[in-house]
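Note: hydrogens, waters and symmetry copies are ignored here, and every other heavy atom, side chains too, is used.
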Amino acid sequence: MKQINRLPDAELAVMQAIWSLEGAVSRLEVETVLEASYPMAPTTILTLLSRLEERGFLQVDKQGRANRYTPLIPRAAYLAAQSRTFLDKLCGGDMHVFATALNDSGLSAEDKAELRRLLDEEAL
């Protein structure tokens, strides 16, 4: 499996916007999604899109005078890679340590029930 490095917060915000839109998107579409939660100047977004292309997260296609950006790494793959890194770095790869910390983090009874349900589904 190809290693997927952790993204800095601003680049991750851009990728989350792109993943939420699905498919090829424009800079303006990314900017519109980010306006409420993580506003950035258009030039900043363009810089971050270029960095994400260099890192192999995006494919850029020229359409007339505009670029369209398509994710090359799915959200699920990024989440899986970062979850594994988190488990290894913070918990020494010990799932029991992680589960105890998660349980002690103040999860609601509903969240715990949902986690149990999801784990039971994965066991099938």
Next on the checklist: Test: salt bridge (Lys or Arg N to Asp or Glu O under 4.0 Å). Region: residues 30-46. Which pairs qualify, not counting sequence neighbours?
Outcome noted: R27-E31
Checklist entry - How would you list, by chain and number, every residue that makes a side chain to side chain contact (heavy atoms under 4.5 Å, CB included) with A10, sequence neighbours excluded? => result Y38, M40, L48
Item to check | salt bridge (charged side-chain N to carboxylate O under 4.0 Å, His left out) involving E29 - partner list, sequence neighbours excluded | outcome: R68
Item to check | Non-neighbouring partners of E53 that pass side-chain hydrogen bond (donor to acceptor under 3.5 Å, both in side chains), sequence neighbours left out | outcome: none
Checklist entry - Could you go step by step and tell me if L58 and L72 meet the side-chain contact (heavy atoms from CB on, under 4.5 Å) rule? => result CA-CA 5 Å; L58 295 176; L72 295 175; 5.7 Å; no
Next on the checklist: Donor-acceptor check, side chain of Y69 to backbone of V30, threshold 3.5 angstrom: yes or no?
Outcome noted: no
Item to check | Same apolar cluster (I L V M F W Y, side chains within < 4.5 Å links), V14/L79 | outcome: no
Checklist entry - Looking only at heavy atoms, which two atoms of A13 and L34 are closest? And how far apart? => result O-CD2, 3.5 Å
Item to check | Verdict with reasoning, V33 to S20, per side-chain contact (heavy atoms from CB on, under 4.5 Å) | outcome: CA-CA 9 Å; V33 170; S20 75; 4.0 Å; yes
Determine all donor-acceptor pairs shorter than 3.5 Å in which one atom belongs to a side chain in residues 94-101; sequence neighbours excluded.
residue	atom	partner	partner atom	Å
D94	OD1	H96	N	2.8
D94	OD1	V97	N	3.3
T100	OG1	H96	O	2.9

Item to check | Those residues that, when tested against R84, pass side-chain hydrogen bond (donor to acceptor under 3.5 Å, both in side chains) (two or more places apart) | outcome: D88
Item to check | Residue list, salt bridge (charged side-chain N to carboxylate O under 4.0 Å, His left out) with D9, at least two apart or on another chain | outcome: R6
Next on the checklist: Please report the interatomic distance CD1(I18) to CZ(F57), rounded to the nearest 0.5 Å.
Outcome noted: 11.0 Å
Next on the checklist: Please enumerate all residues that pass side chain to side chain contact (heavy atoms under 4.5 Å, CB included) together with P8, with sequence neighbours excluded.
Outcome noted: E11, R55
Next on the checklist: For Q3 and N5: C-alpha separation, side-chain torsions, deciding distance, then whether side-chain hydrogen bond (donor to acceptor under 3.5 Å, both in side chains) applies.
Outcome noted: CA-CA 6 Å; Q3 180 169 343; N5 293 324; 3.0 Å; yes
Item to check | side chain to side chain contact (heavy atoms under 4.5 Å, CB included) partners for Q16, two or more places apart | outcome: L12, W19
Checklist outcome for this item: In terms of heavy-atom contacts, P71 and G23 come closest through CD-O, 3.7 Å
Item to check | Pairwise distance CD1(I45) to CG(L52) - rounded to 0.5 angstrom | outcome: 11.5 Å
Checklist entry - Counting heavy atoms not belonging to K62, are there more than 12 under 6.0 Å from its NZ? => result yes
Checklist entry - With R117, which residues qualify under salt bridge (charged side-chain N to carboxylate O under 4.0 Å, His left out), at least two apart? => result E114, E121
Checklist outcome for this item: Residues passing the side chain to side chain contact (heavy atoms under 4.5 Å, CB included) test with D111, sequence neighbours excluded, are L107, S108
Checklist entry - So how far is it from L49 CG to T44 OG1, rounded to the nearest 0.5 Å? => result 10.5 Å
Checklist entry - Quick one: salt bridge (charged side-chain N to carboxylate O under 4.0 Å, His left out) partners of R75, sequence neighbours excluded? => result none
